[in-house]
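Encoded as structure tokens, the structure appears first; notes follow it.
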Amino acid sequence: MSLPTKAVAALAAAALTLGLCAAPAHADDEHPFRDPSLPLSQRVDDLLGRLTRAEKISWLHQYQPAVERLGIGLFKTGTEALHGVAWSTDIDNGGNVVTAKGTVFPQAVGLASTWDPALIKKVGTAVGEEARGYHSENPRVWGLQLWAPVVNLLRDPRWGRNEEGYSEDPLLTGAISTAYGSGIQGDDPDHLRAAPVLKHFMANNNEIRRDTTSSGLRPRVLNEYEIPAFRTALKAGAATGVMTAYNLVNGRPATVTDLTSTVDTWSDRRLFNVSDAGGPNNLVGSQAYFATRAEAAAAIVKAGVSSFTVDNTDGAPTAAAVGEALARGLLTEADIDEAVRDILHIRFRLGEFDPDGGPYGRITKAVVDSPAHRALARETAAGAAVLLKNSSATLPISPGEKVAVVGPLADTLYTDWYSGSLPYRVTPLDGIGERAAGTLSAEGVDRIALKSGGRYLTAGTGAGADLRLSSTTAGATEQFDVFDWGQGVVTLRSVANGKYVSRANWSTLVNNQEQPTGWFVQEQFKLEAQADGTTLLRYAGYETAQDWFGPNVYVKAAADGTLSLTVAADATRFETETVRSGVDEAVAAARKADVAVVVVGSMPFINGREDHDRTGLGLAEGQRALVEAVHAANPNTVVILENSYPTTIDALQRKVPAILWTTHAGAETGHALADVLYGDTNPAGRLTQTWPKEGTPLPDILDYDIVKTGATYLYSKADPLYAFGHGLSYTTFGYQGLRTVAKGDGHEVSVRVTNTGTRAGDEVVQLYTRQHTSRVEQPVRQLRGFRRVHLAPGQTKTVTFPLRTADLALWDVTRGRFAVETSTHDVLVGSSSERIRQRATVRVTGERIGARDLTRVTRAADFDDYAGVELVDETKVRGDAVGASAGEWISFEDVDSGSGVTGVRLGVAAGAASSVEVRLGSPTGPLAGTVPVAATGGVYSWATAQAPLRGVRGRQDVYLVFGGGLRVRDVTLTR
């Protein structure tokens, strides 16, 4: 029965009256839970037994209230720490975001491009130390459970959050996430420096309708691709839990996808899993998966999620929902205890209940932005840079040369949504300027004035003020620098005060932003040319795409000069005056220099980010034109591409002699780039993602079946612009003597690598395999190991890789388990997935996957091929089924029916009458029978439908062709 309203309110009130205190009242230090000499389980049991039911329930919210009577303070989950401590929220200030100002390392995809786990462990250590430093200053803001790293695979380069992930490959992703997480945690066996949480479990690679779209994962993609990315770090003990994703997986919201039988089994330690922000409310809101919050809360807890990130700082709604679930029998107190045990295991390991705070308790704020961390940031940013092209030994630059440093990113550094703020800035111009014989600079952006009716659009000075149509002359306050970010989107920087024009006050326009920022990025505009030669100024902040915004997106100036938004027909038509040509200015600088360095790329808040996918991969049109003009003026041109995703720069690859890629890499970007450009650091970064050529068709971003769509380097047969693993050096490397020796449970692969050039450098030696024959489509090649090795000129090292037979297994859908097939495998060693330098073959003795036996109950989701169907949830708790519309089909290949079968039985669910045809050989092949399906009462109301079959004998492919909307859970052929 339902809990009475007054009881719900009383329970919520009880949770809130626990209080949130910065300095808990004195508690009895003799309680066993405060004795670090006792076993962890005993300490947890002791404290758990002292908590009231209301206290335990209150701890299921992100903000776990203080328990003053036990001397326990507030515990807050979730400090963002993707590539440095980034930000947290302040319970004492309405949950407002507080941004860190410490060491910002390269974006996550840049960390992975080092292919250097040892270095990334050092980065993780620095991040964990700085998290402790902030925590020591204000534990109510800076929690020690860190929401990082992101291990979602970079399946599609258009994903708006590409900058947050590591790689399109699960092995590389697992290695880097393990390194980062283990660094954050520290090496103490019993204590944590900080507690990393893996994001976002799972199949979270699209921002479009991210809370309502379902990621379809057929069993092979799930088990061979998605799961390994998360399992690796957890099995290595390098993470303390996962954050569930917003999306649905096979029709079930990830927020309630069962973690107890998957994620929780991958670690020897107890895990503390959390929801993503707002995820619990989506279950009854946008996803409409449950009717009440109580039902949703029960499902969340039973799925293995122990912390509700929801309702900002207000834990009362969560307490009320969990309390009602208990009263209705949807949860038991034992369920709550299990969730709180998860929480306590992490809090104890963080040293919270040790008298001295544990081995990491003495770290102070002094570690933040320390000289050692600055040096590590510089080393990492240099190590992450990838040399894409270097013809005619254009790089490194000679110290005696004069350099023109031009481009929109030449003298600025940008942060991103999951970045802290920069305590100082070394721009590319700064870094190169410290090394060059002389520098010239130009941003390469047009400076314009907008005029209408004899008056100019005029900005404020100082901190900025409302823009208005005012002055009759074009001085500094009437001039704006136009930065082109592609697809017509620009930002306008006021010359008056160097700040960007924004709609941050939600009414008119004001020049008051240091950089484009915020959830809606209200600094975006479009300058739309009209047939009469005038220009309309269109506001393009992200909120304009929301249903609630309406049609008013064009700027209109009233008679008194004040601005508002209206429709195009009523908008002010501006005359555009070009005060200064950015291209001309850059070309002039380039002509006077020995070398031209053009720094172009993305603005992280604009060119795709959380909640916004990209629709293309091209470099902004204006930036491309700038590069081409500078190159025409000075053939000795180097392009620095500073962004976080593959970019179709085919034309530049053909034209310019040298291209260097970097992510947005933090305060030390300029120093790091100069280190590489001048040869102090020999570049050894490698791409972690395939860069497609311009015009290469990409699958639907919502299609997660990389096997069928031919996505990523694993299955794509398209010729890339730059291959997975690509990256050049200032020296050359030779490979000799590849050997494969049977050893233990597999093979040992070794190869000699020699530095055949004149500079010391690092080579990233990569091991791939390819299986010759298989029951299923195999990857074109697959990464099996890598080593980053340092070699002096002329030095040779033998690089050895273990190749376990078990690692060559595929997921066998006929039996629902991994299997190693008997087959020959190519063993490929080289410097990228396409630049293979040595090859051999090994014969692997495994098993032959036999014919399918459909006389046993077979899960419909274990099909071999399909057209049009989707994977859906069998129940709201567990299980997958196939959902289909008319004409769609699934197939089961090589079915052995022996001397013949006479019937078929299906597990079905349907809202209306339908049918299923059984055909042989193809979806249009001979009809063996038709199964009538009656309405069952709903998609979770399962029934059996059956029919006789004819002509089904021997070995052949069996197709189920659907006649209308229904779900199929299983199929069985009967005799």
Side-chain angles (χ1 to χ4, degrees), residues 33 36-48 77 117-118 120-121 124-125 128 144-151 170-171 173-202 222-223 226-244 257-274 301-307 334-335 337-354 358-360 744-745 802 804 806-807 809 817-818:
F33 76 83
S37 69
L38 295 177
L40 176 60
S41 59
Q42 185 175 336
R43 298 176 73 190
V44 169
D45 287 346
D46 179 68
L47 178 50
L48 184 64
T77 69
I120 301 309
K121 184 175 181 180
T125 298
L144 290 175
Q145 188 198 55
L146 307 187
W147 287 348
V150 171
V151 299
L171 184 144
T173 294
I176 299 299
S177 61
T178 297
Y180 191 68
S182 61
I184 286 173
Q185 289 186 175
D187 295 324
D188 189 282
D190 300 315
H191 289 83
L192 298 165
R193 184 185 288 118
V197 171
L198 306 181
K199 296 163 65 172
H200 311 79
F201 191 76
M202 66 182 161
L222 171 67
N223 289 287
E226 286 288 340
I227 281 178
F230 289 88
R231 185 177 55 207
T232 301
L234 291 167
K235 287 196 72 170
T240 61
V242 302
M243 172 187 282
T244 56
T257 292
D258 181 24
L259 305 180
T260 60
S261 62
T262 54
V263 169
D264 288 349
T265 68
W266 300 336
S267 175
D268 293 334
R269 298 273 196 172
R270 198 162 186 127
L271 300 179
F272 176 17
N273 304 314
V274 305
V301 172
K302 287 189 172 183
V305 176
S306 300
S307 183
D335 294 324
D337 286 350
E338 283 300 293
V340 176
R341 283 181 193 278
D342 294 339
I343 296 167
L344 287 176
H345 270 257
I346 300 306
R347 291 182 68 168
F348 271 101
R349 291 176 66 196
L350 286 167
E352 179 181 351
F353 305 116
D354 292 358
Y360 303 110
D745 59 354
R804 296 193 316 141
D807 292 337
R817 65 172 175 84
F818 278 102

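Starting from 1, each residue takes its place in the sequence as its number.
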Testing the basics here: between [X] and [Y], what is the closest heavy-atom pair and its distance to 0.1 Å?
{"X": "Thr178", "Y": "Ala238", "answer": "O-CB, 3.5 Å"}
{"X": "Pro149", "Y": "Tyr180", "answer": "CB-CD2, 3.8 Å"}
{"X": "Leu350", "Y": "Ala195", "answer": "CD2-N, 4.1 Å"}
{"X": "Lys199", "Y": "Trp147", "answer": "CD-O, 3.4 Å"}
{"X": "Lys302", "Y": "Asp258", "answer": "O-OD1, 4.5 Å"}
{"X": "Leu344", "Y": "Phe353", "answer": "CD2-CE1, 4.4 Å"}

Is the shortest heavy-atom distance from the side chain of Asp354 to the side chain of Arg43 under 4.5 Å?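 Answer yes - side chains close enough.
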Flag side-chain contact, heavy atom, 4.5 Å: Val151 against Phe230: yes
Looking at [X] and [Y], would you say the former's side chain and the latter's main chain have a donor-acceptor pair under 3.5 Å?
{"X": "Thr240", "Y": "Pro196", "answer": "yes"}
{"X": "Asn273", "Y": "Gly304", "answer": "yes"}
{"X": "Gln185", "Y": "Gly237", "answer": "yes"}
{"X": "Asp745", "Y": "Arg804", "answer": "no"}
{"X": "Thr265", "Y": "Thr262", "answer": "yes"}

In terms of relative ring orientation, are Phe201 and Trp266 parallel, tilted or perpendicular, with 30° and 60° separating the classes?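 Answer is perpendicular, since the angle exceeds 60°.
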Between Asp45 and Arg341, does at least one N-O distance fall below 4.0 Å, as a salt bridge requires?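 Here Asp45 pairs with Arg341 in a salt bridge, since their nearest N and O are under 4.0 Å apart.
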May I ask you to say whether Glu338 pairs ionically with Arg270, meaning some side-chain N is under 4.0 Å from a carboxylate O?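 Between Arg270 and Glu338 there is a salt bridge, with a charged N closer than 4.0 Å to a carboxylate O.
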Determine the sole option in Val150, Leu234, Thr232 for which the side chain to side chain contact (heavy atoms under 4.5 Å, CB included) test with Leu198 is passed.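 Output: one option passes, namely Leu234.
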Does the side-chain contact (heavy atoms from CB on, under 4.5 Å) test come out yes or no for Arg347 and Leu47, once each step is laid out? CA-CA 11 Å; Arg347 291 182 68 168; Leu47 178 50; over 6 Å; no
Going through the distances and angles, do His345 and Phe272 end up as a side-chain contact (heavy atoms from CB on, under 4.5 Å)? CA-CA 8 Å; His345 270 257; Phe272 176 17; over 6 Å; no
Begin from the C-alpha positions of Leu48 and Val340 and carry the test side-chain contact (heavy atoms from CB on, under 4.5 Å) through to its verdict. CA-CA 8 Å; Leu48 184 64; Val340 176; 3.6 Å; yes
